[in-house]
Amino acid sequence: MKGNPGGRNASRLGYRRSLMLLSFVATIGLGCDFYLAESAIPHGGLGVFTAKPLEKGAPAQPWPDICVYLTDANSRKGTEIDTHTWQKYRFGAQWLGGRTDPRAACMGLVTTFNSMGMKMYASARPAADPFLIHTNGGLDRSKDPGAGAITQYYGATSETTRNLDAGEELMLRDTGHGGDQYNLDSAKEDGRQHLNIETVPPPKRAPEWLQKHGMCLDNLIVKTATDPSMGRGAFVKRFLSKGTVVAPAPLQMYPKRSKFSVPMSNNDRHEFERKHKMKYETEQLFVNYCFQPKGSTLLLYPYGAGVGLINHSSNKSKINVILKWSDHHMNHSPQWLDSTLSLDQFWKMQYPGSLILDFVATRNIREGEEIFMDYGPEWEKAWNDHVQKWEPDIIATKNYAYPWDEMKNHGITKNDGSNEEGKQQHKSLKPFRTLGEQETSPYPNNLMTVCDTRNWSDDRDDRMKWRPSLHWSENLAECRVLSRTYNSKEETYTYEVNVWPDKCSTGGRHRTCIDYDVPHNAIRFVDKPFQSDQHLANAFRHPIGFPDHLTPHFWRNERS
Ligand SMILES: *[C@@H]1O[C@H](CO)[C@@H](O)[C@H](O)[C@H]1NC(C)=O
Ligand SMILES: *[C@@H]1O[C@H](CO)[C@@H](O)[C@H](O)[C@H]1NC(C)=O
Ligand SMILES: CC(=O)N[C@H]1CO[C@H](CO)[C@@H](O)[C@@H]1O
């Protein structure tokens, strides 16, 4: 989602208020590093602010966002999913299977940054962590019932594009990647003719103001859960007293869960899949990250930082957060939960981020504790049934290798080679196989190789010396290794690769495009389309339960 899903926000927070807040104050000692608060841009909806100065090129968030890919997004009328999602190449998902372009629904910071087309104040750009993207959170399809039930796209992040003072709002300079734009025309339609974007002051708020009115965005740390079979989990970064908002979760809402399922009979689907060598996800992975209120077709997608990684515990004494409607955040609109409303009226006013859920500590939580919530009895029953019935899919498991396991086998790890362990890995560096070698020694069926390449547009030479791209995740190209050279001084390999083997062409004329001097670590494995865990036919799908007492009456639109 390029930008703030709340970008269509109406004008509740006035322009005057943001002018008042332009004081320069040193960083505050206590408090959080990042805050969610009303944007300092007029009509900007929600915004993210840094409470401490950041240097140019520094990470603009404490840890990455997770992204959930919808593999059949555009065909889903009534989901409006494509207006609030990122395009597939943004975070390296070019080869994720999809009958239509997959789109990423992300949750976290870069997802919430404003991108209102205000170039002069842009301060951050999206990035992707090469060591986190395409990882399976420790779940293995040969033994874990949870395989395919969590996303493999953790690692969507961002970095600053200039030096930032404490209190500045993080703004993307981002156009043309789908998502909201700061649209003066629509602002005018909304009766905001007075707005002159050229005179908007730099978006900034005083750190004291943030501490008082903002919502802390970095109480959590995301890491692999204490029980590795549980995938990733959310842990607490600092002591939090009972009643503290552990994490805020602005919501995007979708009218019908059924829109995220295959709209055809099983027979038709199997026929389609056979004929086109494509696969549907019977129900989209996305639903696992949504709440569904009882008696309602609605799905509520919380896009707050880290909240999608808060796991369920069946042990009630482990549960340390509950959900509440936000009671102090300005952007939250409690009047829209009023029981006198109709669902029609509600949808007319609804925009992403207009409702905010808080995850609230039910007791004091120590630094380092894992956060657990109650997903509700239906979810727990569905999960237990799934675990009981579950067996590994023998066919999908045979001759399958996780891309990251294979990359580690090839010595590509986060280690920079500066310590002993790193050197060891270099000595045992396993080369990527050439096409010739693969004839006798093929890779597992699911794997393909892709390369970072600077130049994959039409206007490239047939043979080019490799140079790194500016944004590796966007400039990955399918590639096949033609030959390699061992450089004994550097103790590493360089390769000659064929990029876009089937797609490199100019004016309809097919060409063979080659990059040479490609370094070992510019190559990576990815799953071929339709091969990743989220396409497993036996993967668990179930929305998270939503507390009855938070459900307004008019959401219960399902006849029983
Ligand atoms: C539930 O969790 C508590 C606190 O972590 C622990 O002491 C207890 O042994 C757990 N009970 C079960 C049945 O696992
Ligand atoms: C791509 O290659 C062409 C031809 O060599 C060159 O003119 C152009 O600058 C390159 N583009 C990039 C982004 O490097
Ligand atoms: C997706 C995921 O990892 N779910 C885990 C959440 O917690 C339950 C039990 O507490 C595990 O069984 C699941 O694997």
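Values in this document were obtained by computation on a predicted structure and should not be read as measured data. Order of appearance sets the numbers: ligands from 1, and atoms from 1 within every ligand.
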To the nearest 0.1 Å, how far is [atom] from its closest protein heavy atom, and which atom is that?
atom                    : value
atom 3 (C) of ligand 1  : Ser317 OG, 3.2 Å
atom 5 (O) of ligand 1  : Lys318 CG, 3.7 Å
atom 14 (O) of ligand 1 : Asn315 ND2, 3.4 Å

Tell me whether the rings of Trp379 and Phe540 are parallel (<30°), tilted (30 to 60°) or perpendicular (>60°). perpendicular

Checking contacts now, so for atom 7 (O) of ligand 1, which I'm interested in, is there any protein heavy atom under 4.0 Å? no

Step through it carefully: locate the ring centre of [X], locate the ring centre of [Y], and say whether they are under 6.0 Å apart.
X      : Y      : answer
Phe525 : His410 : yes
Trp555 : Phe346 : yes
Phe91  : Tyr153 : no

